[in-house]
Student: 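Provided herewith is a single structure, encoded as structure tokens, for subsequent inquiry.
Worth saying up front: this structure is predicted, and the values here are computed from it rather than measured.
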Amino acid sequence: PDVAWTDVESEHFINWMETAPVPEFKKLWGTIKQPIKSGEYYVVLERNDFPISSLTGSQGEKYFILQVNSFLGGQHFFLGIWYLAMGGVFLIVAVSYCC
């Protein structure tokens, strides 16, 4: 039957299939929920579940990136600060219309 794509449960696959809004992008594969000690680590990637070579005109490359996130986001805080500022503006406007 034609139901192969209706019951996808792999979070990694679902994330990979989401369209990126810009040509250069990062996709979150997973999170480390416990602290790790500083030092030297070796990462061995044995599987290539989501290849990019078959994409038309693809010049892409894959990288493994460890990144620390905060409540404002990742590497760039502009978007998080923008959301907080606009939320504050809308809250002030809403309160001014109510009173």
Side-chain angles (χ1 to χ4, degrees):
D2 292 333
V3 294
W5 298 102
T6 60
D7 192 23
V8 177
E9 295 181 4
S10 171
E11 292 179 19
H12 303 303
F13 180 72
I14 292 169
N15 185 35
W16 175 254
M17 291 303 292
E18 287 180 357
T19 305
V22 293
E24 293 184 16
F25 58 90
K26 296 178 187 175
K27 294 228 178 197
L28 177 67
W29 190 85
T31 57
I32 301 172
K33 298 188 187 267
Q34 61 214 21
I36 58 174
K37 295 179 182 176
S38 62
E40 195 169 305
Y41 292 88
Y42 295 97
V43 177
V44 179
L45 303 174
E46 296 179 0
R47 296 170 46 172
N48 188 16
D49 290 338
F50 314 120
I52 61 171
S53 60
S54 63
L55 301 175
T56 305
S58 175
Q59 300 291 325
E61 296 177 342
K62 290 185 181 181
Y63 296 96
F64 184 83
I65 299 171
L66 290 177
Q67 180 175 332
V68 177
N69 289 336
S70 71
F71 74 97
L72 290 176
Q75 183 176 355
H76 304 288
F77 295 125
F78 174 75
L79 196 57
I81 293 171
W82 178 257
Y83 285 157
L84 289 174
M86 292 310 295
V89 167
F90 288 128
L91 180 65
I92 292 169
V93 170
V95 168
S96 68
Y97 280 121
C98 290
C99 301

Student: With clusters built from Ile, Leu, Val, Met, Phe, Trp and Tyr whose side-chain heavy atoms come within less than 4.5 Å, directly or transitively, what are the remaining members of the cluster of Val44, listed by chain and number?
Tutor: none
Student: Between side-chain atoms of residues 90-99 and protein atoms elsewhere (two or more places apart, or another chain), which donor-acceptor pairs fall under 3.5 Å?
Tutor:
residue, atom, partner, partner atom, Å
Ser96, OG, Ile92, O, 3.3
Ser96, OG, Val93, O, 2.7

Student: Below 3.5 Å, can you tabulate the donor-acceptor pairs from side chains in residues 82-89 to any protein atom, sequence neighbours excluded?
Tutor:
none

